[in-house]
Engineer: 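The following block contains the structure, expressed as structure tokens.
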Amino acid sequence: MSEKLEFDVAIVGLGSMGSFAFWQLARMGVNVVGFDRYRPGHDKGAGHGETRIFRTAYGEGVEYVPLLKEARTLWRELEAETGVELYIENGGTMFGPKDDIFIKTVEESVHTFNLPYKKYSGLEAKEVYPQINFKENQVAIYEEYAGFIKPELSIETAVNRGEELGGTVFTDSPVNNIHANEGGVTIICEDKQFRVKKVIVSSGGWTSQLLPELKLPLTLERQVLVWYNAKNPEKFTPEKFPIFSRMKDGIGFYGFPTVDGKTVKVALHHGGQVVNHPDEVDRDIYETDLEPVTEKVKEYFPDLIPVPVKAKTCFYTNTPDEHFILGAAPGLPNVTLLGPMAGHGFKFAPIMGKIAAELATNKTPTLEISIFDPSRFNK
Ligand SMILES: Cc1cc2nc3c(=O)[nH]c(=O)nc-3n(C[C@H](O)[C@H](O)[C@H](O)COP(=O)(O)OP(=O)(O)OC[C@H]3O[C@@H](n4cnc5c(N)ncnc54)[C@H](O)[C@@H]3O)c2cc1C
């Protein structure tokens, strides 16, 4: 007698990526179940801290642009389905020396994909955005298709919408083990167990702990987000102030317009403490966390008061080549890996979720994903 499978697809981890795979599968009419060790929208993983940058002209690689264009459409689709505002497209300014690889790749992106943009010299940029102390030897690329996403609300909205469409959710339910074979997958939680046809593992920084047999070369890196009061908050509203990103050799800083009418969030990208496990991320804030960010604020933002008023920790789950992981788990039948996302994945959540949903239902992925192949580390 053939075995009865309780769900078609299980999703382990309803965080930034898993929540969107859940919505996409429920939308496709698939009998889907999702698990999270906490309540979706929580602040223990990588999907919290008020805002996340969206940008399409992608300094990390031109090959990401088609995914970003599709993600931009899908963000609007979730908003349209739910009536919840998640993505504010107020534009973005990427700046740095003109021969910087990040800036060069941003320029290549806008030209290759015909994205709406404006290019300024440092002095011109200062006239347009006097809030930023651009340097004379810098250039700034302003991109229209950029802005910010509300991460906690997005995750909650995707999960809620997936539930409305018929998906099943178990919150505060850590999955302890996944046993996969050719016939299906057994999902083992503390007090229950399920048999499903396929599983999508989107457990972010917990993935090495959940699937140690894959020996994924992941590195967890603590990051700190810092908020500063604006002297003139009206200069930092989304209408007047774009998201910004200043990258150099993979390290840099970035920030957002005010969302509370008072404070502006600024953060460094990379350079954080490496830890072994999400539980080991030190959640306390130290002077040494704040000082380097405040130095950037003093150097670049004359209208911000360089005294931190709030700070929060988070962590990146890095890969050696800084590309995402998406695809079949090597040696584990019926298991799709959706992440980790190498510290820059939030903006991609809807398209990553859609492609993972396609893979888990034996469909051809909407877009090219070979650079994310999980087996690339074994070659
Ligand atoms: C400070 C900071 C700033 C960032 N800024 C940006 C930005 O501006 N733009 C951008 O695009 N990206 C940004 N990123 C990156 C982006 O946020 C991450 O790439 C993305 O959140 C990773 O998503 P994820 O789903 O892999 O992980 P998570 O969102 O952490 O989700 C993993 C989920 O799995 C659950 N889970 C884990 N193990 C289990 C288990 N065994 N059983 C059940 N559930 C489990 C966890 O509870 C969690 O909910 C930033 C990241 C950080 C930390």
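All residue numbers in this chain count up from 1 along the given sequence. Order of listing sets the numbers, starting from 1, for every ligand and every atom in it. For clarity, every value in this text was computed on a predicted model and none was experimentally measured.
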Engineer: Which heavy atom of the protein is the closest neighbour of atom 25 (O) of ligand 1, given with residue, atom name and distance?
Structural biologist: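 Looking at atom 25 (O) of ligand 1, the protein heavy atom closest to it is Met17 N, 2.9 Å.
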Engineer: Tell me the protein heavy atom at minimum distance from atom 4 (C) of ligand 1, and give that distance in Å.
Structural biologist: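 Scanning the protein heavy atoms, the shortest distance from atom 4 (C) of ligand 1 goes to Arg52 NE, 3.5 Å.
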Engineer: By the definition side-chain hydrogen bond (donor to acceptor under 3.5 Å, both in side chains), identify the one residue from His323, Lys69, Lys347, Arg55 that meets it with Tyr64.
Structural biologist: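 Running side-chain hydrogen bond (donor to acceptor under 3.5 Å, both in side chains) over His323, Lys69, Lys347, Arg55 with Tyr64 returns exactly one hit, His323.
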Engineer: Ignoring hydrogens and angles, tell me if any N or O in the side chain of Glu143 forms a donor-acceptor pair with the backbone of Pro116 under 3.5 Å.
Structural biologist: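 Flag not set: sc Glu143 to bb Pro116 has no pair under 3.5 Å.
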Engineer: Answer side chain, backbone, both or neither: which part of Ser202 comes under 4.0 Å from ligand 1, heavy atoms only.
Structural biologist: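 The part of Ser202 near ligand 1 is the backbone, not the side chain.
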Engineer: Can you tell me if Asn133 and Lys126 form a side-chain donor-acceptor pair at under 3.5 Å?
Structural biologist: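 On atom types as modelled, these side chains qualify, holding a pair under 3.5 Å.
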Engineer: Do other residues, nucleotides or ligands put more than 12 heavy atoms under 6.0 Å from the NZ atom of Lys231?
Structural biologist: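 Yes.
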Engineer: Does Gly204 reach ligand 1, in the sense of a heavy atom lying below 4.0 Å from it?
Structural biologist: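 For ligand 1, residue contact (heavy atoms, under 4.0 Å) with Gly204 is present.
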Engineer: Can you tell me which residue and heavy atom of the protein come closest to atom 19 (O) of ligand 1, and the distance to 0.1 Å?
Structural biologist: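 Going by distance alone, atom 19 (O) of ligand 1 is nearest to Gly345 N, 3.0 Å.
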Engineer: Any nitrogen or oxygen of Val175, main chain or side chain, under 3.5 Å from a nitrogen or oxygen of ligand 1?
Structural biologist: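 Between Val175 and ligand 1, an N or O pair is found under 3.5 Å apart.
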Engineer: Nearest to atom 9 (N) of ligand 1, what protein heavy atom do you find, and at what distance?
Structural biologist: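 Protein heavy atom with the smallest distance to atom 9 (N) of ligand 1: Ile53 O, 3.1 Å.
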Engineer: For ligand 1, which part of Phe346 has a heavy atom less than 4.0 Å away: the side chain, the backbone, both, or neither?
Structural biologist: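 Both the backbone and the side chain of Phe346 come within reach of ligand 1.
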Engineer: Inspect the surroundings of NZ in Lys118 and state if more than 12 heavy atoms from other residues, nucleotides or ligands are less than 6.0 Å away.
Structural biologist: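 Not more than 12 within 6.0 Å, no.
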Engineer: Relative to the heavy atoms of Met341, which atoms of ligand 1 are at a distance of less than 4.0 Å?
Structural biologist: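 Per the distance check, 19 (O), 26 (O).
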Engineer: Select one of side chain, backbone, both or neither to describe which atoms of Leu225 lie under 4.0 Å from any atom of ligand 1, heavy atoms only.
Structural biologist: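 Side chain only.
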Engineer: Give a yes or no on whether Glu136 atom CD has more than 12 heavy-atom contacts from other residues, nucleotides or ligands under 6.0 Å away.
Structural biologist: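 Atom CD in Glu136 is not packed in, count stays at 12 or less.
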Engineer: What's the separation between atom CG in Asn181 and atom OG1 in Thr186, rounded to the nearest 0.5 Å?
Structural biologist: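 Here the rounded value is 6.5 Å.
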Engineer: What is the nearest protein non-hydrogen atom to atom 43 (C) of ligand 1, stated with its residue, atom name and distance?
Structural biologist: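 Minimum-distance protein heavy atom for atom 43 (C) of ligand 1 reads Arg37 N, 3.3 Å.
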Engineer: Please say whether more than 12 non-hydrogen atoms of neighbouring residues, nucleotides or ligands are located less than 6.0 Å from NZ in Lys135.
Structural biologist: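 Yes, NZ of Lys135 has more than 12 neighbouring heavy atoms, counting only those of other groups under 6.0 Å.
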Engineer: Considering only heavy atoms of Pro174, which atoms of ligand 1 have at least one such atom less than 4.0 Å away?
Structural biologist: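 Near Pro174, meaning under 4.0 Å from one of its heavy atoms, ligand 1 has 42 (N), 43 (C).
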Engineer: Out of Phe348, Phe256, Trp206, whose heavy atom is nearest to atom 37 (C) of ligand 1?
Structural biologist: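 Looking at heavy atoms only, Trp206 sits closest to atom 37 (C) of ligand 1.
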Engineer: May I ask you to check whether over 12 heavy atoms, not counting those of Glu127, lie within 6.0 Å of atom CD?
Structural biologist: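 Not more than 12 within 6.0 Å, no.
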Engineer: Before signing off on this row, confirm whether Tyr38 and ligand 1 have an N or O atom pair separated by under 3.5 Å.
Structural biologist: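 In fact, backbone or side chain, Tyr38 has no N or O that close.
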Engineer: Under 4.0 Å from ligand 1, counting heavy atoms only, is it the side chain of Tyr254, its backbone, both or neither?
Structural biologist: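 The part of Tyr254 near ligand 1 is the side chain, not the backbone.
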Engineer: Report yes or no: does a heavy atom of Gly343 sit under 4.0 Å from some atom of ligand 1?
Structural biologist: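 Contact check Gly343 vs ligand 1: positive.
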Engineer: Please write down residue, atom name and distance for the protein heavy atom closest to atom 30 (O) of ligand 1.
Structural biologist: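 Nearest neighbour among protein heavy atoms for atom 30 (O) of ligand 1, to 0.1 Å: Ala46 N, 2.9 Å.
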Engineer: Take every heavy atom of His42, measure it against each atom of ligand 1, and state whether any distance is under 4.0 Å.
Structural biologist: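 Heavy atoms of His42 do come under 4.0 Å of ligand 1.
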Engineer: Does atom CZ of Arg39 have more than 12 heavy-atom neighbours from other groups under 6.0 Å away?
Structural biologist: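 Check fails, neighbour count at 12 or below.
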Engineer: Are Tyr87 and Phe54, when compared by the centres of their aromatic rings, separated by less than 6.0 Å?
Structural biologist: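 Yes, they do, as the ring centres are separated by less than 6.0 Å.
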Engineer: Which protein non-hydrogen atom lies closest to atom 2 (C) of ligand 1, naming both residue and atom, and how far is it?
Structural biologist: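 Answer for atom 2 (C) of ligand 1: Tyr316 CE2, 3.7 Å.
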Engineer: Taking the non-hydrogen atoms of Gly205, is any one of them nearer than 4.0 angstrom to ligand 1?
Structural biologist: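 The answer is no, since Gly205 has no heavy atom less than 4.0 Å from ligand 1.
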Engineer: Which protein non-hydrogen atom lies closest to atom 31 (O) of ligand 1, naming both residue and atom, and how far is it?
Structural biologist: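 Result for atom 31 (O) of ligand 1: Gly15 CA, 3.3 Å.
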Engineer: Indicate, as side chain, backbone, both or neither, the part of Gln209 found under 4.0 angstrom from ligand 1 when only non-hydrogen atoms are considered.
Structural biologist: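 Looking at Gln209 and ligand 1, no heavy atom falls under 4.0 Å.
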Engineer: Parallel under 30°, tilted from 30 to 60°, perpendicular over 60°: which one fits the rings of Phe324 and His344?
Structural biologist: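 Geometry flag for His344 against Phe324: tilted rings.
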Engineer: First locate atom CG of Leu304, then atom NZ of Lys296, and finally report the distance between them rounded to the nearest 0.5 Å.
Structural biologist: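 Separation between the atoms: 14.5 Å.
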Engineer: Pull out every atom of ligand 1 sitting under 4.0 Å from any heavy atom of Gly45, numbered as shown with elements.
Structural biologist: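 Counting from 1, the qualifying ligand atoms are 30 (O).
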Engineer: Cation-pi between Arg72 and Tyr145: NZ/CZ under 6.0 Å from ring centre and within 45° of the ring axis?
Structural biologist: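 The answer is yes, since Arg72 meets both limits relative to Tyr145.
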